[in-house]
Amino acid sequence: KEIADIVGRLEKRTGKRLGDPLNPLLLMARSGAVASMPGLLDTISHIGISRDTARTWSKTLKEPARAYQAYISFMLSYANSVLGLDTDYIVKESGFDSYVTVFREGMFIMMDAAEAIHEIIMEKSTSGSIPDDPMEQLCKSVIAVFRSFESDVVQKQTIHLGIPSPFQTGCLIQECVPILSADDCSGVFFTRNPNTGKIGTDVEEQIEYSDGFFGNVIADGAITPGTTADFIRDHPRHFESFKKFKYFDERIQRYPTDIEFAIRGGITYIVQSRILKQSPIAKIINSYEFFREKIYTEYKLIKRTAFGLNKKILGTYLDSKVVNDAPVIAQGKPVNGGAVRGRIVKDQNSITGMEGKLIFITESNVPPRVIMAENRFYGYLSKEGGVTSHAALVAIGEGKPCVTDIMWEHGREPGELVLGTTLLREGDYITLDANTGRIYLEDIPIRDVSIVDHDFREIRNEILAVI
């Protein structure tokens, strides 16, 4: 009854109807946990679509293939969260290397891909099939969201985060706004830079986005997103509207925020807003900016920064005398600074057989088992994505070096991988420099350097004066 009431309110507000093949209301079921746990809790999107709905709805759209993009998105998220299937395997079995490749195809190829994906899910599932009835889809999705909180990995995280057991999670049911044209846009808006605050940047906000794709492609690291400068150039009106929303959002939440957004037909939708994960130096700098903007009182500024000011903030850097002569084997985008030397791991099942510092390399997400073994991992590499990708968010939360947009492929033999053009095996040592985005084979000395940037020292002195 509670779910039906929620659906009724959403239908009234949007003017759409769940299950209507001509103007369908599509929904998302996602965790409402009190703390962000990237990649650990389930989200099911595009609930309310079926094969028949996609076929009828596509005839009403200017870009008919978008209906099948929504249908495939639903099937994959439902198969993963509700049926417990490996969606990467499903996509590859259908003849594509990733779901992004599917979405770049035309109408008829996407229709065939949808049929193939549906058949593979039906063949592989031992937990039932994908229902056509939209309310059944929604109810089972809600149950899956709650069940995702019962895993051992999530329960350990709740203890680590200090979340009391009666208040661990809820399930949020909200409208899902599908991509309907190449001009539609999805992305993430950080109201402040989570790594360095305003130091070294032209604007204090940070945006990563993609035109023509749903927002999960950015979080999954499935594509390389557009940058803040790209967004300001291509969507100047929406950037100004985000800055206005930021003014109120930061004053309500009393923290810098991490905002998921969608632009559909020129209308901006705020999908989610939550407290931004920040590096220690960004927390100090951004708190000072909050004080200057009268969001924080003197007392609140001291409370947010005093402990951090007592700690010596160090950055790890490669020895400049040695690094210039060392050959670079791969180049990516530096996300969370620092340098580390460790053994490369691509399979979470290889962790127990490795000793020493480990560096995890992934195509997209960091699996839960790796997150729970965070004391073993000292750095992260991701094939695609940027500062809002899953690997980057995990690295920022743990304070570890991270480089994205790294070119790598699986090797021919188990345990092999090709990083750039260099053939490696799991367990081989590499040196990761997340200050420049470069990867080396050589063992280059790493130096701990105190951060004494002039701007940071000035901010630090201002805060000490307040204290």
Side-chain angles (χ1 to χ4, degrees), residues 39 86 88-89 91-92 97-98 100-101 220-224 316-320 322-386 389-392 394-395 398 400-447:
D86 182 345
D88 287 337
Y89 169 82
V91 172
K92 286 180 171 61
D97 59 356
S98 74
V100 172
T101 307
D220 289 348
I223 64 166
T224 299
T316 49
Y317 294 85
L318 297 184
D319 190 323
S320 58
V322 179
V323 71
N324 291 335
D325 296 326
V328 177
I329 63 169
Q331 172 74 57
K333 179 191 294 182
V335 171
N336 205 38
V340 65
R341 182 164 178 81
R343 307 178 74 179
I344 196 163
V345 177
K346 68 171 181 172
D347 183 354
Q348 60 180 330
N349 296 315
S350 303
I351 299 172
T352 53
M354 302 266 187
E355 295 182 354
K357 295 181 178 180
L358 304 181
I359 297 171
F360 191 74
I361 187 167
T362 178
E363 291 185 343
S364 52
N365 288 350
V366 179
R369 189 173 173 187
V370 173
I371 295 173
M372 289 310 300
E374 64 174 277
N375 292 333
R376 301 286 317 279
F377 286 91
Y378 288 76
Y380 296 95
L381 297 172
S382 179
K383 192 170 188 177
E384 295 197 70
S389 66
H390 184 240
V394 170
E398 296 179 3
K400 309 283 179 61
C402 178
V403 175
T404 64
D405 291 316
I406 282 287
M407 185 178 72
W408 78 276
E409 302 291 342
H410 294 282
R412 294 181 180 179
E413 300 295 329
E416 287 185 348
L417 65 145
V418 180
L419 182 56
T421 59
T422 303
L423 179 64
L424 300 172
R425 291 192 63 83
E426 281 194 293
D428 287 347
Y429 280 92
I430 62 169
T431 300
L432 183 162
D433 185 1
N435 300 304
T436 63
R438 294 169 183 161
I439 313 299
Y440 305 85
L441 274 182
E442 275 75 5
D443 185 359
I444 302 170
I446 296 173
R447 309 297 184 199

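All values below were derived from every heavy atom in this structure, side-chain atoms included, with hydrogens, water molecules and symmetry-related copies excluded. In this chain, numbering begins with 1 at the start of the sequence shown.
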Gap separating the OG atom of S98 from the NZ atom of K92, nearest 0.5 angstrom: 7.5 Å

Shortest non-hydrogen separation from V366 to H390 and the atoms involved: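 Residues V366 and H390, closest heavy atoms: N-ND1, 2.8 Å.
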
W408 side chain vs S382 backbone, donor-acceptor pair below 3.5 Å: no

Sidechain N-carboxylate O distance under 4.0 Å for K383, E409: yes

Check: V394 and K400 side chains under 4.5 Å, non-hydrogen atoms: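 They are not in contact (no side-chain heavy atoms under 4.5 Å apart), so the answer is no.
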
Donor-acceptor pair, side chain of R376 and main chain of M354, under 3.5 angstrom: yes

Atom pair CG/NZ of L381 and K346 - distance to nearest 0.5 Å: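 Those atoms lie 13.5 Å apart.
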
Under 3.5 Å donor-acceptor, D428 side chain and R425 backbone: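 Yes, because the side chain of D428 sits within donor-acceptor range (under 3.5 Å) of the backbone of R425.
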
Flag, side chain of E442 to backbone of V323, donor-acceptor distance under 3.5 Å: no

Contact check, side chains of Y380 and I359, non-hydrogen atoms, under 4.5 Å: no

T362 side, atom OG1; Q348 side, atom CD - distance, nearest 0.5 Å: 10.0 Å

Chi angles and distances behind the side chain to side chain contact (heavy atoms under 4.5 Å, CB included) call for T316, V340: CA-CA 8 Å; T316 49; V340 65; over 6 Å; no

Nearest non-hydrogen partners of N349 and T352, listed with the distance: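 Reported closest heavy-atom pair: O-OG1, 4.2 Å.
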
Criterion side chain to side chain contact (heavy atoms under 4.5 Å, CB included) on D433 and Y440, from CA distance to verdict: CA-CA 8 Å; D433 185 1; Y440 305 85; 4.3 Å; yes

Salt bridge present between D319 and R447 (N-O < 4.0 angstrom):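 A salt bridge is present here (some side-chain N lies under 4.0 Å from a carboxylate O).
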
Side-chain donor or acceptor of N365 paired with backbone N/O of P367 under 3.5 Å: no

Nearest heavy-atom neighbours spanning S350 and V345: CB-CG1, 4.3 Å

For the student: nearest non-hydrogen atoms of I344 and L419, plus distance: CD1-CD2, 4.3 Å

Residue that, paired with I439, satisfies side-chain contact (heavy atoms from CB on, under 4.5 Å) out of T422, I406, T431: I406

Sequence-distant partners of F377, ring-ring contact (aromatic ring centres under 6.0 Å, His included), two or more places apart: F360

Donor-acceptor pair, side chain of E426 and main chain of D347, under 3.5 angstrom: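 Judged by distance alone, yes, a pair lies under 3.5 Å.
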
Shortest non-hydrogen separation from P334 to A434 and the atoms involved: CB-O, 3.0 Å

Gap separating the CG atom of L424 from the CG atom of L441, nearest 0.5 angstrom: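 Here the interatomic distance stands at 6.0 Å.
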
Closest heavy-atom pair and its distance - I444, A326: CD1-CB, 3.7 Å

Interatomic distance, T421 atom OG1 to I329 atom CD1 [nearest 0.5 angstrom]: 8.0 Å

Atom pair CG (N375) and CG (L358), whose distance is rounded to the nearest 0.5 Å: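 Spacing of CG (N375) from CG (L358) equals 11.5 Å.
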
